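The structure displayed is predicted, hence computed values, not measured ones.
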Amino acid sequence: QFKEGQAYITRQDSGHRRVINILAEEAGPMDPSCRLSICIPAAGHQEGENIYRTLENYSEQTARLDEFEIVVLVNRPDKDEQGRPVVPDKTQDEIARFQKDHPKLRVRLMNVVLPKDEARMGNIRKLLNDAVLLRHLKRGKEVPDLIMVSNDADNKGIAPEYVKNFIE
């Protein structure tokens, strides 16, 4: 899996690799014991009312806290359909509040503002997943495989065993 992951990253164009390197650095290194990354794209101009509650869904997990992380890619287009700049809402502040309220839960944060024509969900998820994969690869060959789970920023609830079930 390590060689396949490296080959995949190498095949990406240089612009994409540059962006995922920046995102990976912003999120910081992945813990060696991390076995699962929950990947959440959050529209930084629309999810301010949802993101705290979504993150709270992960605060009661039965899995060991060192075995998983939550990675949120706060994203927004640079301009709206009329060409006006898109202004962020309180999404970022709500994530920071959650991190302060739940310091033991690993919540990693990445931010990107995309040209309007690139601000598509498929592209956003690719950036997020590739940056998480890159962080995993930077840990080296001697770590467990990484499970990547994609969730939404307006999640309505999950079972306490959600993460543990994926890991097992």
Return the minimal non-hydrogen interatomic distance between [X] and [Y], and the atom names on each side.
X      : Y      : answer
Met110 : Leu128 : CE-CD1, 3.3 Å
Ala24  : Arg135 : CB-CG, 3.6 Å
Ile124 : Pro41  : CG2-CB, 3.7 Å
Ala63  : Glu67  : CB-OE1, 4.4 Å

What's the separation between atom [atom1] in [X] and atom [atom2] in [Y], rounded to the nearest 0.5 Å?
X      : Y      : atom1 : atom2 : answer
Leu114 : Lys79  : CG    : NZ    : 13.0 Å
Asp145 : Leu36  : CG    : CG    : 12.0 Å
Leu109 : Leu23  : CG    : CG    : 10.0 Å
Ile20  : Asp130 : CD1   : CG    : 5.0 Å

Using a 3.5 Å distance criterion without hydrogens, assess whether the side chain of [X] forms a donor-acceptor pair with backbone atoms of [Y].
X      : Y      : result
Arg76  : Val112 : no
Thr54  : Ala153 : yes
Asn123 : Glu118 : yes
Arg35  : Pro144 : no
Asn75  : Leu73  : yes
Asp31  : Ser33  : yes
Gln61  : Ala159 : yes
Arg108 : Glu26  : no

Side-chain contact, heavy-atom cut-off 4.5 Å: [X] with [Y]?
X      : Y      : answer
His16  : Val19  : no
Val86  : Pro77  : yes
Phe2   : Val143 : no
Tyr162 : Val149 : yes
Leu133 : Leu146 : no
Ile95  : Val74  : yes
Cys34  : Asp66  : no
Arg125 : Ser150 : yes

Just do the side chain to side chain contact (heavy atoms under 4.5 Å, CB included) check on Leu105 and Gln99 with the steps written out, would you?
CA-CA 8 Å; Leu105 196 58; Gln99 288 171 311; over 6 Å; no
Could you walk me through whether Gln92 and Asn111 pass the side chain to side chain contact (heavy atoms under 4.5 Å, CB included) check?
CA-CA 9 Å; Gln92 188 93 18; Asn111 291 277; 2.6 Å; yes
Pair [X], [Y]: side-chain N/O donor-acceptor within cut-off below 3.5 Å:
X      : Y      : result
Tyr58  : Asn151 : yes
Lys126 : Gln12  : yes
Glu47  : Asn50  : yes
Ser37  : Glu69  : yes

Is there a continuous path of hydrophobic side-chain contacts, each under 4.5 Å between heavy atoms, that joins [X] to [Y]?
X      : Y      : result
Ile40  : Phe68  : yes
Leu55  : Ile38  : yes
Ile167 : Ile158 : yes
Met30  : Ile70  : no
Val132 : Val72  : no

Counting only heavy atoms not in Gln6 (residues, nucleotides, ligands), do more than 12 fall under 6.0 Å from its CD?
yes
Could you tell me whether Arg18 atom CZ has more than 12 heavy atoms of other residues or ligands within 6.0 Å of it?
no
Going by the angle between their ring planes, with limits at 30° and 60°, are Phe98 and Tyr52 parallel, tilted or perpendicular?
perpendicular
Could you walk me through whether Lys156 and Arg53 satisfy the side chain to side chain contact (heavy atoms under 4.5 Å, CB included) test, starting with their C-alpha distance in whole Å, then the side-chain angles of each, then the deciding distance to 0.1 Å, before giving a yes or no?
CA-CA 8 Å; Lys156 301 294 184 205; Arg53 182 179 58 249; 4.0 Å; yes
Going through the distances and angles, do Glu161 and Lys164 end up as a salt bridge (charged side-chain N to carboxylate O under 4.0 Å, His left out)?
CA-CA 5 Å; Glu161 302 82 14; Lys164 187 176 179 185; over 6 Å; no
Any ion pair linking [Y] and [X] (charged N to carboxylate O, less than 4.0 Å)?
X      : Y      : result
Asp78  : Lys116 : no
Lys138 : Glu25  : yes
Arg97  : Glu94  : yes

What's the verdict on side chain to side chain contact (heavy atoms under 4.5 Å, CB included) for Arg17 and Ile9, showing C-alpha distance, side-chain angles and the deciding distance?
CA-CA 7 Å; Arg17 286 195 317 268; Ile9 294 294; 4.2 Å; yes
